[in-house]
Amino acid sequence: MDIKIKGKIKDWDVFYRNIIPQLKTFTFRGETVTTIDDIENEAIDAFLLNEEVEWSY
């Protein structure tokens, strides 16, 4: 069972170091990505734009 979380990325350093390595999926603006490189790219955009995202472990 996957754990899904919706919200905004508040602290980039914490999210990048502690959360991204554990993620299975990351959804931003309706696009779901699964590779680490794609997750990092989408996550930094979401953080800079201060938009809500969804991710799962």
Side-chain angles (χ1 to χ4, degrees):
M1 181 175 140
D2 291 346
I3 298 171
K4 291 186 178 185
I5 300 173
K6 279 188 178 180
K8 294 182 180 180
I9 302 169
K10 296 179 180 165
D11 184 328
W12 175 250
D13 289 333
V14 170
F15 193 82
Y16 183 78
R17 292 179 191 177
N18 300 324
I19 307 297
I20 288 179
Q22 301 177 52
L23 295 182
K24 289 183 181 177
T25 65
F26 185 87
T27 304
F28 173 55
R29 293 186 172 177
E31 183 180 337
T32 301
V33 294
T34 57
T35 66
I36 282 290
D37 289 339
D38 290 341
I39 289 172
E40 288 176 358
N41 290 334
E42 293 296 319
I44 191 66
D45 289 347
F47 173 72
L48 293 173
L49 295 171
N50 196 32
E51 293 194 24
E52 189 169 283
V53 296
E54 181 178 304
W55 60 88
S56 69
Y57 294 96

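Since we're looking at a predicted model, the values are computed, not measured.
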*Asks:* Which residues, ordered by chain and number, are linked to Y57 in its hydrophobic cluster, where ILVMFWY side chains connect at heavy-atom gaps below 4.5 Å, directly or through other members?
*Replies:* I3, I5, I9, W12, F15, Y16, I19, I20, L23, F26, F28, V33, I36, I39, I44, F47, L48, L49, V53, W55

*Asks:* Can you pull out every salt bridge (charged side-chain N to carboxylate O under 4.0 Å, His left out) where at least one residue sits in residues 11-22? Sequence neighbours excluded, please.
*Replies:* none

*Asks:* Run the numbers on E52 and K6 for salt bridge (charged side-chain N to carboxylate O under 4.0 Å, His left out), then give the verdict.
*Replies:* CA-CA 7 Å; E52 189 169 283; K6 279 188 178 180; 5.2 Å; no

*Asks:* Suppose we screen for side chain to side chain donor-acceptor pair (under 3.5 Å). Which residues come up paired with T32, at least two apart in sequence or across chains?
*Replies:* T27

*Asks:* Under the rule for side chain to side chain donor-acceptor pair (under 3.5 Å), what residues qualify as partners of E54, not counting sequence neighbours?
*Replies:* none

*Asks:* Kindly state each residue pair satisfying salt bridge (charged side-chain N to carboxylate O under 4.0 Å, His left out) with at least one member in residues 31-50, sequence neighbours excluded.
*Replies:* none

*Asks:* I'd like to know if the side chain of T34 pairs up with that of T25 as donor and acceptor (distance under 3.5 Å, no hydrogens or angles considered).
*Replies:* no

*Asks:* Mind checking side chain to side chain donor-acceptor pair (under 3.5 Å) for K8 and listing every partner two or more places apart, or none if nothing turns up?
*Replies:* none

*Asks:* Using side chain to side chain donor-acceptor pair (under 3.5 Å) as the criterion, list what pairs up with D2, not counting sequence neighbours.
*Replies:* K24

